[in-house]
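Below: the structure, in C-alpha cells.
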Protein chains: 2
Amino acid sequence: MLIDPKHLHILSAIVDAGGMSQGARDLGKSQPSLSRIVADLEARLGESLFEKGRRPLQPTELCTRLASEGRVIARATQQAQDIASQFISGHAGSVRVAGTPIFMDGVISTIIAGFQDEFPELRVDQSYGYAEELIEALRAGTVDTCVCPMEPGDVPDDIGFQRILKGRNVIACGSAHPLARKKSLRLEEISEFPWITQPAGSPLYQDLRDVLDSIGISDFKVSYSGGTLSSIINVLAGSKALTVLPFSVVYMQPKNTIVALPIRIEHPKRELGMLWNDMESQSPAKRRFIRYMTKRFAGISQAVAERQRQEIWRE
Amino acid sequence: MLIDPKHLHILSAIVDAGGMSQGARDLGKSQPSLSRIVADLEARLGESLFEKGRRPLQPTELCTRLASEGRVIARATQQAQDIASQFISGHAGSVRVAGTPIFMDGVISTIIAGFQDEFPELRVDQSYGYAEELIEALRAGTVDTCVCPMEPGDVPDDIGFQRILKGRNVIACGSAHPLARKKSLRLEEISEFPWITQPAGSPLYQDLRDVLDSIGISDFKVSYSGGTLSSIINVLAGSKALTVLPFSVVYMQPKNTIVALPIRIEHPKRELGMLWNDMESQSPAKRRFIRYMTKRFAGISQAVAERQRQEIWRE
DNA sequence: CAAATAATATAGCATAATGCTATGTTAATT
DNA sequence: AATTAACATAGCATTATGCTATATTATTTG
C-alpha cells in the first residue's frame with residue numbers, strides 16, 4: 001500500500017490551484033486524469049481527500065498534510081530537473097584538473113579564472129602531478145583532464161592529447177636583476193649567478209640541466225629549490241638568482257616582477273597539452289572545460305610567441 | 001521531458017545501497033526493473049548515471065546530485081505514508097468541538113484532558129455556542145462535534161445525537177455558605193440569597209427561571225451574571241450568592257469549592273449529548289473522539305447519578 | 001589465465017497505470 | 001428554473017511497470 005510521490009505532487013498542485021481543472025491546467029494534464037488519481041488515492045487510503053459535495057473544492061485535513069509533502073516532492077523534482085538541464089548544457093558540474101605545478105600556477109590558473117567567470121556554476125578541483133602520475137590518474141578516473149608538457153609521440157594510444165602551447169623556455173630573473181636591463185648578453189655573464197631549481201623529477205629540472213649543458217655550464221650553484229611558483233617568483237625578485245621557466249609563465253606574470261633574459265636557449269621537445277581519457281564519456285561540463293582551454297590557448301599561444309620573438313629572439 | 005519523482009527515489013536507493021541488486025532488494029522490486037529504469041533515465045537525459053564498465057557501481061556526478069534529490073523525495077513520501085497511517089488509525093488529526101460554555105468548562109474539558117493523555121498527537125480545537133448556532137456550525141462544517149443539552153425530540157433528522165448525561169440540576173453555593181452545612185432545607189431559607197445567572201439565551205438561564213418558578217419564587221435578585229465557569233465558581237465561593245448548575249459540573253469540581261444544596265428541584269427535560277453531522281464522512285480521529293467521549297460518559301454518568309442520590313435525594 | 005562468481009543488461013510477456021475524449025452529474029449562480 | 005462551471009465516469013489506446021528467464025560482463029579465485 002505504497003503512495004506514489006507523483007500522486008502527492010499532483011495533490012499539492014490541486015490544493016494550490018484551488019481545484020482540479022486549474023490544477024490540471026497547471027500540470028499540463030487533463031482534468032479527468034487528476035480526478036481519477038484522486039479517486040484512486042482516496043480508495044486506497046480509505047479516507048476522503050476533499051469534502052464531498054462542496055464546489056469550491058475543499059481539502060480534508062489529511063489532504064492538506066499530504067499536499068504539504070507533495071510540495072516538498074514537487075520542489076525536489078523541479079530541482080532535479082534544473083540540475084539535469086544545467087548539467088547537460090555544461091553549465092553545472094565539476095572538473096578535476098591536474099597538471100605540472102609551474103604551468104598550473106603560472107598559466108592555467110589564470111585561464112581557469114576566466115572559465116569560472118564565464119561559467120560560475122562550474123566547480124574546478126585542481127591538483128598537481130607529473131606526466132606518469134597524471135596519466136595514471138586519468139586511467140584511474142581520479143582526474144578528468146590534465147595539463148602537462150609532453151612529447152606528442154610519448155602520449156599513450158588510449159589517452160587523448162591536444163597541444164595548447166609550444167615549449168619555449170627562457171632564463172628568468174627578478175626585474176631588478178643586474179642583467180635585466182642589458183639588451184644583449186654573453187653567456188659568460190650569466191655563469192656567476194646562482195640558480196633556482198625545480199624538483200629533480202620535473203621536466204623543468206631536466207630543461208635547466210639541458211640548457212646549462214648546452215651553453216657549457218656543467219657546474220652550477222643551486223641557491224633555492226622546492227618552492228612553488230609564488231615562492232620562486234619572490235625569491236627571484238628579491239635575489240640575484242636565475243632560473244629556467246617557460247616563457248608563457250613569465251609572460252603571464254604582472255609587470256615588474258620577473259623578466260626573461262635575452263638569451264636564446266634550446267626549445268624543449270615537449271609541448272604543453274591537455275590530456276584526457278575518454279572524451280565520449282566525459283560530462284558536458286568537462287568537455288566544455290577542455291573546449292574552453294584549447295580555444296583560449298589558440299589565442300594565447302600566438303600572443304606568447306609574438307612577444308617572445310620581440311623580447312628574446314629579436315628577429 | 002519530465003523526470004518522475006519515483007525514479008529519483010529509486011536512483012537514491014541504488015546509490016545508497018551501492019548497487020542495483022541490493023537496491024532492488026531494499027525497494028522490494030526486481031533487479032531488472034531498476035536496471036531498465038536507470039537505462040531509460042540515462043536515455044532521456046542523454047547522460048550516463050553510472051560509470052560504465054565498473055563493477056562496484058559508481059555513480060556519476062549528475063547521478064549523485066539527482067540521488068540527493070531522490071533522498072528528499074523518499075523522505076517526504078515516507079512522511080506522507082506515516083501521516084496517512086497515523087491519520088487512518090485515528091492517532092493523528094484534529095477535532096473541532098463546540099458546546100455550551102458551562103458544560104465545556106465544567107465537564108468536557110476534563111474529559112478532553114484524558115483524551116489527549118491517551119492520544120497525544122490529536123489536536124482539539126474548542127469553541128462555544130448554544131444549540132441553534134451549534135447545529136448551524138455542524139451543517140456548515142466549521143465544527144466536527146458538539147456537546148449540548150438537548151431534548152432528544154428536538155434534534156433535527158440530519159444531525160446525529162448520542163446521550164451522554166441525564167439532565168440533573170442542583171442549586172449550588174460556595175462551600176462556606178451558611179446553607180452549606182445544613183442536612184435539610186426548607187425552600188423559604190433560600191429565598192433571601194441573591195442569584196448568579198447565565199446569559200439570557202442559555203439553557204441554564206431558562207432552567208434557573210423554571211426552578212424558581214416551581215418553588216414559588218417569582219421575584220429574585222441577580223447579583224452577578226456573564227462570567228464563565230471559573231468566574232462563577234469564584235463568585236460563588238466568595239459570596240453568599242446561589243445559582244443553578246448541572247450536578248455533573250458541581251461533581252467535577254475539586255472539593256471545598258462549591259457544593260450542591262440538598263434540595264430537590266425539577267429535572268430539565270434536556271439531556272446532555274453529543275451532536276454530529278455525518279458520521280460516515282468523519283475522519284478517524286473525530287470518530288475516535290466521539291467514541292471516547294460516549295464511552296467515558298457511560299461510566300461517569302452512573303457515578304454522577306449515584307453521588308447525586310446520596311447527596312441530594314437521599315433515597 | 002581459465003574458471004567461478006556475482007552483478008548488470010536484455011528479452012519477452014502480462015498487467016497496471018496513465019493518457020485522452022466524450023459525456024454524465026452536480027453545486028453554485030443568475 | 002435555467003445556466004454555468006466544475007467534477008465524475010466510461011471507454012479506449014498507449015505507456016510504464018512488473019516479473020522470469022537468460023545473456024553479458026567485471027571481478028575474484030584457483
Side-chain angles (χ1 to χ4, degrees), chain A residues 1-11 13-45 47-60 63 67 70 73 77 139-141 158 277-278 281, chain B residues 1-11 13-45 47-60 63 67 70 73 77 139-141 158 277-278 281:
Chain A
M1 208 268 276
L2 290 172
I3 297 180
D4 185 333
K6 188 168 29 177
H7 295 165
L8 296 172
H9 178 182
I10 288 171
L11 209 58
I14 295 172
V15 170
D16 293 345
M20 291 201 184
S21 301
Q22 188 55 46
R25 254 164 278 158
D26 293 351
L27 291 170
K29 292 182 189 297
S30 70
Q31 168 268 316
S33 196
L34 304 209
S35 176
R36 182 173 45 190
I37 280 167
V38 168
D40 286 356
L41 241 185
E42 285 180 332
R44 284 201 295 148
L45 294 174
E47 282 295 318
S48 62
L49 294 168
F50 294 94
E51 307 288 356
K52 278 167 288 196
R54 296 275 164 93
R55 209 30 87 78
L57 221 54
Q58 204 153 3
T60 300
C63 180
I73 288 164
T77 308
R139 290 212 181 99
D158 60 328
N277 190 357
D278 174 11
S281 77
Chain B
M1 209 268 276
L2 290 173
I3 297 180
D4 185 331
K6 189 167 29 176
H7 295 165
L8 296 171
H9 178 181
I10 289 171
L11 210 58
I14 295 172
V15 169
D16 293 345
M20 291 202 184
S21 301
Q22 188 55 47
R25 255 164 279 157
D26 294 351
L27 290 171
K29 291 182 190 295
S30 70
Q31 169 267 316
S33 196
L34 304 209
S35 176
R36 183 175 42 192
I37 280 166
V38 168
D40 285 357
L41 242 185
E42 285 181 331
R44 283 201 294 148
L45 294 175
E47 281 296 317
S48 62
L49 294 168
F50 295 95
E51 307 290 354
K52 278 166 287 195
R54 297 273 164 96
R55 209 30 88 77
L57 221 53
Q58 204 153 3
T60 300
C63 180
I73 288 165
T77 308
R139 291 210 179 100
D158 59 328
N277 190 357
D278 173 12
S281 77

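Chain letters run A, B, ... following the sequence lines, proteins first and then strands; every chain starts at 1.
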Between [X] and [N], does any side-chain N or O lie under 4.0 Å from OP1 or OP2?
X	N	result
B/His7	D/dT17	yes
B/Lys29	D/dG18	yes
A/Ser30	C/dG19	no

Spatial distance of atom [atom1] ([X]) from atom [atom2] ([Y]) [nearest 0.5 Å]:
X	Y	atom1	atom2	answer
B/Thr77	A/Leu2	OG1	CG	9.5 Å
A/Leu41	A/Asp4	CG	CG	8.5 Å
B/Lys6	A/His9	NZ	NE2	14.5 Å

Report each atom pair, protein N/O against N/O of nucleotides 3-6 of chain D, whose distance is under 3.5 angstrom.
{"from": "D/dA6", "atom 1": "N3", "to": "A/Arg55", "atom 2": "NH1", "distance (Å)": "2.8"}

Open item on the list: Just to be sure I understand the rule, does A/Ser35 reach a base, reach only the sugar-phosphate, or reach nothing, if contact means heavy atoms closer than 4.0 Å?
Closed with: base
Identify each donor-acceptor pair in which a side-chain atom of residues 49-59 of chain B lies under 3.5 Å from a protein atom, sequence neighbours left out, and give them as a table.
none

TODO: Let me know, please, whether A/Gly28 or A/Arg54 comes out on the 5' side of the other along DNA chain C by nearest nucleotide.
DONE: A/Gly28
Return the value, rounded to whole Å, for the distance between atom [atom1] of [X] and atom [atom2] of [N].
X	N	atom1	atom2	answer
A/Leu49	D/dC7	CG	C1'	15 Å
A/Leu2	C/dA17	CG	P	12 Å
B/Gln58	D/dA26	CD	P	14 Å
B/Lys52	C/dT8	NZ	P	16 Å
A/Leu11	D/dC7	CG	P	13 Å
B/Asp40	D/dG18	CG	P	11 Å
A/Leu34	C/dC20	CG	C1'	13 Å
A/Leu41	C/dT18	CG	C1'	14 Å

Please output the side-chain donor-acceptor pairs of residues 32-40 of chain A that fall under 3.5 Å, not counting sequence neighbours, one pair per line with the distance.
none

TODO: Compare all side-chain heavy atoms of B/Asp26 with those of B/Gln22 and state whether any distance is below 4.5 angstrom.
DONE: yes
Task: Closest to side chain of A/Pro56, choosing from C/dT18, C/dA28, C/dA9 - done: C/dA28
- [ ] Measure from the side chain of A/Lys6, starting at C-beta and using heavy atoms only, and say which of C/dT21, C/dT18, D/dA8 lies closest.
- [x] C/dT18
Can you give me the closest heavy-atom contact between [X] and [Y], atom names plus distance?
X	Y	result
A/Val15	A/Ala67	CG2-CB, 3.9 Å
A/Ile73	B/Pro5	CG2-CB, 3.8 Å
B/Arg139	B/Asn277	CA-ND2, 3.7 Å
A/Ser21	A/Gln31	OG-CG, 4.0 Å

Open item on the list: Need the bend value for the helix from C/dC1-D/dG30 to C/dT30-D/dA1: angle between end axes, 5 pairs each end, nearest 10°.
Closed with: 30°
- [ ] Report yes or no: is there a donor-acceptor pair, N or O only, under 3.5 Å between the side chain of B/Gln31 and the base of C/dA9?
- [x] yes
Task: Earlier contact from the 5' end, DNA chain D, for B/Ile37 and B/Pro32 - done: B/Ile37
Can you name the atoms? Protein N/O to nucleotides 13-15 of chain C N/O, anything below 3.5 Å, with the distance.
none

Task: Partners meeting side chain to side chain contact (heavy atoms under 4.5 Å, CB included) with B/Ala13 (sequence neighbours left out) - done: B/Leu27
